[in-house]
Amino acid sequence: MESNFILELLGNNIWAYLITAAIPLVFVVVYALVAILGELKIASWVQDRLGPMRTGPWGIIQPVAEVVKLLQKEDITPRNANKPLFNTAPFVVFTGSFAAFAVIPYSSKFIPADINLGVFYIFAVSSFTVIAILMGGWASNNKYSVLGAVRSASQMISYEIPTSLSIIAIAALSNTLSVSGIINSQSGWFWNWNLLGGQGSAIKYLFIPFLLVLFIVYFVGSLAEANRTPFDIPEGESEIVGGYHTEYSSMKFAMFYFAEYANMYVVSAMITIMFLGGWNSPFGDFMNSPIWQAFWFIAKAMSFVFVQLWLRWTLPRVRVDQLMHICWKVMLPAAFVSLIGISLLGVIK
Amino acid sequence: MLPNEIFDKLKIEFGEEIISLNEDPGYEPSIKVEPTNLVDIMLFLRDEEGLEFDYPSCLSGVDLGANLGVVYNLYSMKRAHKITIKVEVPKEAPDVPSCELVWRSFDWHEREAYDLLGINFVGHHNLTRILLPDDWEGHPLRKDYVQPDYFHGMKVPY
Amino acid sequence: MSEIRDVAIDLGNVHTEHMKLNVGPQHPSTHGVLRLMVELEGEIVVDVVPHIGYLHRCFEKVCEQNTYTQIVPYVDRMDYVNSMNNELPYVIGVEKLLGITVSERIEAIRVICAELDRIASHEIAVATFGMDAGAFTPFLYLFRDREKILWVLEKLSGSRLLYNYIRIGGLMRDVYPTFKDDLRDIIKTVRETNAEINNLLNDNKIFVERCANIGILPPDVAINYGASGPMLRASGVRHDLRRVDPYSIYNKLDFEVCVGTGTMGTVGDSWDRNWVRMLEMEQSLRIIEQAMEMITDSSEDVRAGIPKRIAPKGELYSRAENPKGELGFYIVGDGKAKPQRVKGRSPCYVNLSIIPEISKGYMFADLIIILGSIDIVLGEIDR
Amino acid sequence: MGLLDRLDNPYDVGDNIFLGTVEDVLNWGRSKSDWYMTFGLACCAIEFMAVNAAHFDFMRFGCIPRPSPRQTDFIIISGTVTLKMAERIKRLYEQMAEPKYVISMGSCSNSGGPYWENGYHVLKGVDRIIPVDVYIPGCPPRPEAFMDGMVQLQSKINHQAIFRKRKEMRPEDIAAIDQRQIELKKLRAEYEAYRIEHLDLTGVDNVAK
């Protein structure tokens, strides 16, 4: 159990596992608060405003106030809604997002569960979200919700294909699907990162275009999977009001809200793991102790969260058919070509 | 083309149905016509070489006391001239032929005139209230209109 | 082991239904209280029925109960994003009925005010159009600029939005000494921001893909429907009342009538309508620059020409080019202090009636884009 | 009094300690995080958009726009309420989740404004159909006036009593609450009867037949 220092310290007992499970939960709650504040503040700065200013110094405890408020709002279940599905959907969506945190590493000494199918596992449990959104949208008995849910399901299922192709390519490059295996194969200086061809001789630089294409395919696909702009059509305010969560109020809505932000971190962490060397310091062994590794990992992931927020306030939204066009006619062929190219690189190495 | 030329042209084509031309100072030149054959007159105005009133500016319903009037302001983009056509109908039987198929613009204008003044445009495909609620009573722009006291349980006067 | 059942789907019994979706009156992108009954087949729009009247404020009845001067504030409230342009045709119409003329200096100030408000109105149009496409940031940039215009108009009239500044026979008061400096400042800022908006929004690939070839309005249909303003010009019809039927001092000013050219798609699509507004802002700036030169410092009293008694007899249809299109007032005066009838011909009312014609067969998201490109103001539609 | 105000004026317990009640914390959360409905009616809506925009920046108060009434805390009636619209506004208000507040912005929604005399189709004051918390005068109100209204609303929320014991209430309040319960039951029964009668129309608002 070298990848989990808590198990090393406390031994193999139930308390150790509970603590191991609690840390990601605390992390996701704190992260969600930071991300909500970041969303408000970054939006404001992009738009030449100040953002929340009156809740604590510079408004930094605004998300806390929001949680306090959402806790005490009335919980409405529409009269003609399908109650079991309507009430379960927020929990399913949060479970789906949170389950992915089981294998997301923080440093080489703390991976909550270092299973040998890690990347595949994240990919699998993320699909929970689709089910939950369909459940919530259909059960709401609201036409906007149904439209949003159907849009969301078609979008997320389509975009899983190019992203899964990128995962296969990275697996071919690293010869493993384990999170720690993929990250360890990129150890060393930053030119060993998968984005720059992974470890190997100079011939790998010939394959960088394939990896760049793959990186872009994965990043765009992950934007679509997290329902972020420019692919936020399932909840596109100007068209279908709130999309699948139109009818949700109070904490059930907060669950959807939290899950969206948690999903953003999951996809950013995946990019970090697959392309940017995971917890590895960019400078070889310099600043590469386990504590620094946690810093590097979270910093890399958060920078992609930032890019997602930044894009949201810059780009307009695409249309449903354009979205499908991008997925099936542009990204899928590109991903296939890259997969072949990178498999070749894997063979050479 | 000047208003009196337009009037002469209409007079030759339609004869008795064209009543008069008003060119008083202070008034815009307007031609008063009978409502009976209005659609043909409008089609003539739209399609006849030299007139070509292709652009419908405005349609207004007016309460003239005993009568209700409909005023058509037409403009020609090709010839850059304009004319006003007027129709008067009695309040008891305010039937005016609908011109919505001559200029599609008048579809909503006629519905509005029906809504506010109660002018009945014969031949309109969907002559329903447009601004006021469907179950509103009366036509507010008539001079003898009295405000209702209550509407759906809400008090109307201040 | 259960028996393997042969599941047969009777395709003859599978049928689809059109979904009826009620958009509005409260919906983020209906620009007010418009209600659209949309019939959808999947995402495709089969039918649209606009329902209006949720803001019917009895303008025409109010006019019959007020004197000519008292009507001006109500005219402001018709199209509340560009009050100056509403006042202009009404005031010009009453002046024509009375047979009075005003000096060129007053006309120049009126034109400057109207053009400033035209810019402000077009800025709102482009901003909300961006919002409809999902781009939030241009909205805030444009509103920041609009605030500058409002400051100048507030300094002039004392009010931020509904001015009551242009009076029958004159103005409410004269311009303040630093007026021209403020105008130069506005011209500079608007040009800078418009360049930025072009980068951020109008040339954005996603935005172009969303708007080009959407909601194409052919010129003959546009004319037959009575469309006007940027909606008509985007279809390639060079029709601008400031040029073809000049009022005020527009015949002395040099400006271009901008038409849609189909730069990104077909002539008359949503992108063209938006682009015509962007071009018109530039032309308005040119008009302001020229009209500024006509304001010579003089001791003229702008209130001197306001008649004591306004009771015209006669009738006319007075029209002017509003940012939305042809705004007309059919005024009937019977020699009393209150008009017998004032009918407002609102451009948005006519432009909105085209929407069932041009939005069928497009997707639901396109319907929102088309609605945004028409640039409606419900206060004017419902009056 | 909000929690943060207590920071300036803590109870005399000692250094680095400040006390507050649960009610204060709950009220603080409600007052500092106000989500409003993106809903505009008339002229005031334009001024309201200006308040939202960069120069005045409404988000400084913690106000975030939400398109769906289920997630909003307060609604701004920004403009003239017509009789045709009044029923829709009432319905929107009923769709909002408690606790909910109403700001009436501008003369028109306060009292009918310039249309009070001849407006046959204008509702003379939105408080004839829904309860209003804050009235903002002006036609339209300046953004500064609107912000003051927002501050008033926040201070009103801060002073609300959330936990009220029945025995501490005045008898007329209890009677009013009981009366309201009976009314609600009656309304529910009426609605049920209506729904059964018009079962095929549920979920469709006045479909044009």
Side-chain angles (χ1 to χ4, degrees), chain A residues 39-40 42-51 137-138 141-155 220 223-224 227-243 246 309-326 329-330, chain C residues 17-24 26-31 38-40 42-45 127-145 147 193 196 199-214 274 362-369 371-372:
Chain A
E39 175 104 271
L40 298 177
I42 289 166
S44 304
W45 292 332
V46 167
Q47 294 166 350
D48 204 1
R49 326 185 257 132
L50 288 170
W138 185 79
N141 193 19
N142 179 323
K143 288 171 183 173
Y144 291 113
S145 300
V146 173
L147 267 179
V150 171
R151 282 180 174 191
S152 176
S154 59
Q155 165 182 345
V220 174
L223 279 178
N227 289 342
R228 298 295 297 183
T229 309
F231 306 107
D232 65 340
I233 54 167
E235 45 192 304
E237 266 181 30
S238 62
E239 293 154 27
I240 48 172
V241 193
T246 305
L309 297 178
W310 181 20
L311 280 178
R312 169 160 187 182
W313 301 109
T314 312
L315 293 179
R317 182 183 305 128
V318 299
R319 205 171 57 216
V320 179
D321 59 327
Q322 291 166 351
L323 181 99
M324 292 297 163
H325 177 93
I326 297 168
K329 294 190 180 163
V330 181
Chain C
E17 277 179 23
H18 288 177
M19 179 159 79
K20 278 197 171 153
L21 194 64
N22 190 13
V23 183
Q26 185 265 331
H27 185 274
S29 56
T30 48
H31 297 235
V38 187
E39 205 174 318
L40 294 176
E43 288 262 349
I44 309 286
V45 175
T128 49
F129 188 41
M131 284 268 274
D132 290 341
F136 283 83
T137 306
F139 174 83
L140 287 114
Y141 286 6
L142 284 165
F143 260 69
R144 187 186 57 197
D145 271 18
E147 208 63 44
T193 311
E196 202 175 352
N199 278 335
L200 191 61
L201 190 70
N202 291 326
D203 295 342
N204 187 316
K205 178 74 179 160
I206 297 177
F207 183 75
V208 171
E209 288 289 323
R210 282 297 301 279
C211 306
N213 292 325
I214 299 298
N274 190 47
Y362 292 104
M363 298 187 109
F364 180 56
D366 297 333
L367 173 67
I368 303 295
I369 288 285
L371 188 63

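When reading the values below, keep in mind they use all heavy atoms of this one structure, side chains included, and skip hydrogens, waters and symmetry mates. Just so we're on the same page: letters track the sequence lines, and every chain starts at 1. Because the structure is predicted, anything quoted here is derived from the model rather than measured.
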*Decide yes or no on side chain to side chain contact (heavy atoms under 4.5 Å, CB included) for A:L315 and C:F136, but give the supporting numbers first.*
CA-CA 8 Å; A:L315 293 179; C:F136 283 83; over 6 Å; no

*Which atoms of A:V46 come close to chain C, meaning under 4.5 Å heavy atom to heavy atom: side chain ones, backbone ones, both, or neither?*
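For A:V46, heavy atoms of backbone and side chain both lie under 4.5 Å from chain C.
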
*Side chain, backbone, both or neither: which part of A:Q47 has an atom under 4.5 Å from a heavy atom of chain C?*
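Both backbone and side chain.
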
*asked:* Minimum heavy-atom separation for A:P316 and C:A133, please, with both atom names.
replied: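 Heavy atoms of A:P316 and C:A133 come nearest at CB-O, 3.5 Å.
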
*Do any N or O atoms from the side chain of A:R317 and from the backbone of C:A135 form a donor-acceptor pair under 3.5 angstrom?*
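Pair absent, no side-chain N/O of A:R317 close to backbone of C:A135.
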
_Strictly distance-based, threshold 3.5 Å: is any side-chain N or O of A:K143 a donor or acceptor partner for the main-chain N or O of C:K20?_
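Such a contact is found between A:K143 side chain and C:K20 backbone.
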
*Could you walk me through whether C:L21 and A:L147 pass the side chain to side chain contact (heavy atoms under 4.5 Å, CB included) check?*
CA-CA 10 Å; C:L21 194 64; A:L147 267 179; 4.0 Å; yes

*asked:* Counting neighbours of CH2 on A:W313 that are heavy atoms of other residues, nucleotides or ligands and sit closer than 6.0 Å, is the number greater than 12?
replied: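 It does: A:W313 CH2 has more than 12 such atoms within range.
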
_Could you tell me if the side chain of A:Y144 sits less than 4.5 Å from the side chain of C:V23, heavy atoms only?_
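Heavy-atom side-chain distance check passes, below 4.5 Å.
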
*Please state whether the side chain, the backbone, both or neither of C:L40 comes within less than 4.5 Å of a heavy atom of chain A.*
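Just the side chain, heavy atoms under 4.5 Å.
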
*Check each atom of C:F207 against the heavy atoms of chain A and say whether the ones under 4.5 Å are side chain, backbone, both or neither.*
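Both backbone and side chain.
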
*What is the distance from atom OG1 of A:T314 to atom CG of C:N204, rounded to the nearest 0.5 Å?*
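Answer for the OG1-CG pair, A:T314 versus C:N204, is 9.5 Å.
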
_Straight-line distance of C:E209 CD to A:D321 CG, nearest 0.5 Å_ =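 One finds 10.0 Å between CD of C:E209 and CG of A:D321.
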
*Are C:E43 and A:R319 ion-paired here, with the side-chain N under 4.0 Å from a carboxylate O?*
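Looking at A:R319 together with C:E43, the answer is no, because their closest N to O distance does not fall below 4.0 Å.
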
